[in-house]
Amino acid sequence: MGDDIVEWVTSNFLPFEAELRRMLRRVCSGPAEVDDVIQETYYKVLEQGKLDHVLEPKGFLVRIARNIVFDRMRRDAVVSIESVANLEELDMADSAPSTERVALARAELRWVFGLIANLPERCKEVFTARRIYGLSQAETAESLQVSEGVVEQESMRGMRLISDMIARVGVQETPARKQPTARKRHVHDR
């Protein structure tokens with residue numbers, strides 16, 4: 001078990017445990033079952049390995065606990081009507097993006113990277129350092145061994161060129177990558 005998982009549990013689960021216990025008291029048969037569900041929730045979280053995909057820790061934990069309670073109810077086969085009614089209290093809006101939204105965001109990201117790929121080389125380096133990696137103007141200048149004035153000029157140039165590309169091709173169409181310019185043939189070259 002990695003230190004990052006333990007840190008995640010400490011900062012995201014422990015502060016919320018009392019509230020989760022209160023929610024579970026309404027759907028569990030008694031304190032022992034609440035303890036079991038909490039314990040199993042800890043286990044399921046620790047078993048994950050990585051938790052960097054979790055955007056809403058509280059909703060994530062409630063969903064795990066709810067699934068555990070639901071599995072127990074299904075196994076027991078005899079469930080009180082009150083427990084089923086109270087199970088709805090464990091429903092929380094899942095703020096995780098839908099698969100469609102994830103696919104759309106990835107397509108948008110590819111589109112943006114396509115725009116950036118069409119920038120001239122130094123402009124692309126400055127733009128990537130500033131906008132993608134979040135470096136300051138001074139950090140960018142130092143890392144690329146150029147002056148801060150050059151960084152400022154290239155940043156503005158990058159924004160202007162990207163705006164021009166968007167105006168030319170529209171939003172969501174991936175611009176064609178620049179091809180090396182071939183020598184134009186004149187009529188008398190034939």
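What's counted below: heavy atoms across the whole structure, side chains too, no hydrogens, waters or symmetry copies. Note that the structure is predicted; figures quoted are calculated from it, not measured.
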Asker: Scan residues 121-158 for pairs that pass ring-ring contact (aromatic ring centres under 6.0 Å, His included), counting only residues two or more places apart or in two chains.
Answerer: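 Residue pairs with at least one partner in residues 121-158: there are none.
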Asker: Can you find a pair of side-chain heavy atoms, one from V126 and one from E152, that are under 4.5 Å apart?
Answerer: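 No - every pair of side-chain heavy atoms lies 4.5 Å or more apart.
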Asker: To the closest 0.5 Å, what do you measure between OG1 (T140) and CD (Q145)?
Answerer: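 Interatomic distance, T140 OG1 to Q145 CD, rounded to 0.5 Å: 13.0 Å.
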Asker: For R25, which residues count as a salt bridge (charged side-chain N to carboxylate O under 4.0 Å, His left out) partner, sequence neighbours excluded?
Answerer: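 So R25 forms no salt bridge (charged side-chain N to carboxylate O under 4.0 Å, His left out) with any residue.
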Asker: When rounded to the nearest 0.5 angstrom, what is the spacing between CD1 in I68 and CZ in R63?
Answerer: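 It comes to 12.5 Å.
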Asker: Do the non-hydrogen side-chain atoms of V151 and L144 ever get within less than 4.5 Å of each other?
Answerer: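 They are not in contact (no side-chain heavy atoms under 4.5 Å apart), so the answer is no.
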Asker: With D36, which residues qualify under salt bridge (charged side-chain N to carboxylate O under 4.0 Å, His left out), at least two apart?
Answerer: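 By the salt bridge (charged side-chain N to carboxylate O under 4.0 Å, His left out) rule, D36 matches no residue at all.
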Asker: Considering non-hydrogen atoms only, spot the tightest contact between L119 and G158 and give its length.
Answerer: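 So the minimum-distance heavy-atom pair works out to CD2-O, 4.0 Å.
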Asker: Is any side-chain heavy atom of P15 closer than 4.5 Å to one of T10?
Answerer: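 The answer is no; the side chains never approach within 4.5 Å.
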Asker: Taking E154 first and then R157, would you say they form a salt bridge - that is, a charged N and a carboxylate O separated by under 4.0 Å?
Answerer: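 Yes, charged N to carboxylate O under 4.0 Å.
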Asker: Once rounded to the nearest 0.5 Å, what's the spacing between atom CG of N118 and atom CZ of F113?
Answerer: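 With rounding to 0.5 Å, CG (N118) is 14.0 Å from CZ (F113).
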Asker: Applying side-chain contact (heavy atoms from CB on, under 4.5 Å), run through I116 and R131 and close with a yes or a no.
Answerer: CA-CA 10 Å; I116 294 170; R131 301 293 178 187; over 6 Å; no
Asker: For the backbone of E148 and the side chain of Q137, can you confirm whether one donor and one acceptor N or O come within less than 3.5 Å of each other?
Answerer: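 Checked: pair present.
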Asker: Let me have the donor-acceptor pairs involving side chains of residues 38-45, under 3.5 Å, with sequence neighbours excluded, atom names and distances please.
Answerer:
unit_1, atom_1, unit_2, atom_2, d
T41, OG1, V37, O, 2.7
Y42, OH, E17, OE1, 2.5
Y43, OH, E47, OE2, 3.2

Asker: With sequence neighbours excluded, tell me which residues meet side chain to side chain donor-acceptor pair (under 3.5 Å) with N67.
Answerer: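 None.
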Asker: If you define the side chain from C-beta out and look only at heavy atoms, does anything of I166 sit under 4.5 Å from W111?
Answerer: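 Yes. Closest side-chain heavy atoms under 4.5 Å.
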Asker: Tell me, please, which residues at least two apart from S136 pass side chain to side chain donor-acceptor pair (under 3.5 Å).
Answerer: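 Applying side chain to side chain donor-acceptor pair (under 3.5 Å) to S136 gives E139.
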Asker: Whether the side chain of T128 engages the backbone of E125 through a donor-acceptor N/O pair (distance < 3.5 Å, no angle test) should be reported.
Answerer: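 No; zero donor-acceptor contacts below 3.5 Å.
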Asker: Once rounded to the nearest 0.5 Å, what's the spacing between atom CD of E19 and atom CG of L61?
Answerer: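 If we round to the nearest 0.5 Å, E19:CD and L61:CG are 11.0 Å apart.
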Asker: Roughly how far, to the nearest 0.5 Å, is CZ of F16 from CE of M23?
Answerer: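 Between M23 CE and F16 CZ, I get 5.0 Å after rounding to 0.5 Å.
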Asker: Taking atom CZ of R21 and atom CG of D35, what is their separation to the nearest 0.5 Å?
Answerer: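 With rounding to 0.5 Å, CZ (R21) is 4.5 Å from CG (D35).
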